[in-house]
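The structure displayed is predicted, hence computed values, not measured ones. Read the numbers this way: they start at 1 and go in the same order the structure lists the ligands and their atoms.
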Amino acid sequence: MLILGIESSCDDTAAAVLDNDHILSNVLNCQDTIHSQFGGVVPELASRKHLQSIHPVVQKALEQADVQLSDIDLIAATQGPGLIGSLLVGFSYAKALSHVRGIPFIGVDHMAGHILSVFLSSEKPVFPYIALIASGGTSSIFLAEEAHRFQLLGRTRDDAAGEAFDKVAKLLELGYPGGPEISKTAIDGDPRYVQFPRAWLDENSLDFSFSGLKTAVLNHVNQQKQKNNELHLQDICASFQEAVVDVLVGKTLLAARKHNIGTIVVGGGVSANPRLRKLFTERCEREGISFHAPQIQYCTDNAAMIAFAGSRKFSVYGASTIDEDVYSRSQLG
Ligand code: KG4
């Protein structure tokens, strides 16, 4: 089965073609240069850029896969969560193609794409598993029972982990997106330089909160400036990163213990973070848990994961109807 995947939930226009589970093409038009001057995604600019890019990106994905639109058996497009204006571009484009060409189409939850993105790599996990999805828009823990059945166990109560990386990078004037900048700057830093707070919340809670941490970094920076002290950027980044990673790993392991699950999977942009991967690898090894992370190019938003998740959903539920709408909050769990 040939599947065309389309993703436009935030600031990346993406299309991919899969032949069953085999990736034939994976095209991405990244808008970072447009949004970097504002230190974050500007929704209206994102939608307008999607409108310009969607057709060329889909054409390129078909060309690179060496297939025609008439060969496609299923069109899968991100239905939500995300920015409504951005989602509408890819979703409406997919519905129009489906309607005109008589190809079945399916709306896919972006979170399902991230939860399953690890299947795009050669080493695949077995169900059930605990999935930590950490990106610019979410920090959530799911129990993935099957490729179409997910239970939400915990989520952020305020800022998402990636959002915290982006906001802290902005206040440290490190550029956008902040995650990669902070992780690069942190490489030679001391993670114990500042003991930033970890929001564990209630003892058994699987929810996250990162807004206090962001404020703690701001307070530290202001105090140093007031004292005319030099800012130890590398150490601040390493200490901040350690505080985020510590909580993400700790709560995901708690979820695995609580639900007696022996496999952990990560996904979303923050799962590209080398320190996060290292800590997961070490702690999972110690606790006898099998750990799986997607290849770096499938951590951030991409259409290959949407095509994959769409094919799994389609095999159980069949096609979506033409009157379906997009949504801003995940409907999983
Ligand atoms: O999944 P994604 O591409 O888009 C969303 O759906 O949000 O994730 C983007 C987020 C950004 O907040 C970015 O700063 C973060 O992922 N990110 C990272 C790293 N690479 C990307 N955060 C920490 N460390 C990284 N290496």
For residues 178-188, tabulate all N or O donor-acceptor pairs below 3.5 Å that involve a side-chain atom, not counting sequence neighbours.
from, atom 1, to, atom 2, distance (Å)
Ser183, OG, Gly179, O, 3.2
Ser183, OG, Pro180, O, 3.2
Thr185, OG1, Glu181, O, 2.7

Original post:
Step by step, would you call Ser211 with Asp159 a side chain to side chain donor-acceptor pair (under 3.5 Å)?
Top reply: CA-CA 6 Å; Ser211 67; Asp159 290 352; 5.3 Å; no
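In this structure, Phe208 and Phe210 have parallel ring planes: the angle between them is below the 30° cut-off, well short of the 60° mark. Ring geometry for Tyr193 versus His220: interplanar angle over 60°, hence perpendicular rather than tilted (30 to 60°). Ring planes of Phe291 and Phe280: parallel class, angle under 30° (limits at 30 and 60°). Ring orientation note: the planes of Phe119 and Phe127 are close to parallel, at an angle under 30° on the 30°/60° scale.
Looking at ligand 1, you'll find an N or O of Asp166 within less than 3.5 Å of one of its N or O atoms. At under 3.5 Å, a nitrogen or oxygen of Gly162, whether backbone or side chain, sits near a nitrogen or oxygen of ligand 1. Residue Asp12 places no N or O, backbone or side chain, under 3.5 Å from any N or O of ligand 1. Between Pro177 and ligand 1, no pair of N/O atoms sits closer than 3.5 Å.
For atom 24 (N) of ligand 1, the closest non-hydrogen atom on the protein side is Asn273 ND2, 3.0 Å. Scanning the protein for heavy atoms near atom 2 (P) of ligand 1, the closest one is Asp301 OD1, 3.4 Å. In this structure, atom 21 (C) of ligand 1 lies nearest to the protein heavy atom Gly269 O, 3.4 Å.
Put simply, part of His114 is less than 4.0 Å from ligand 1, judged by heavy atoms. The closest approach between a heavy atom of Cys10 and any atom of ligand 1 is not below 4.0 Å. Residue contacts with ligand 1: His110 is included, with a non-hydrogen atom under 4.0 Å away.
Atoms of ligand 1 lying under 4.0 Å from any heavy atom of Gly137, numbered from 1 in the order shown and given with element: 7 (O). Distances below 4.0 Å separate heavy atoms of Thr300 from the following atoms of ligand 1: 1 (O), 3 (O).
Between Arg312 and Asp21 a salt bridge is recorded (basic side-chain N to carboxylate O distance below 4.0 Å).
Residue-level proximity to ligand 1 for Ser183 is carried by the side chain, the only part with a heavy atom below 4.0 angstrom.
Around CG of Asn204, the count of heavy atoms belonging to other residues, nucleotides or ligands within 6.0 Å exceeds 12.
Checking Asn273 against Gln241 by side-chain atom types alone, a donor-acceptor pair falls below 3.5 Å.
Nearest to atom 7 (O) of ligand 1 by heavy-atom distance, out of Pro274, Gly136, Gly179, is Gly136.
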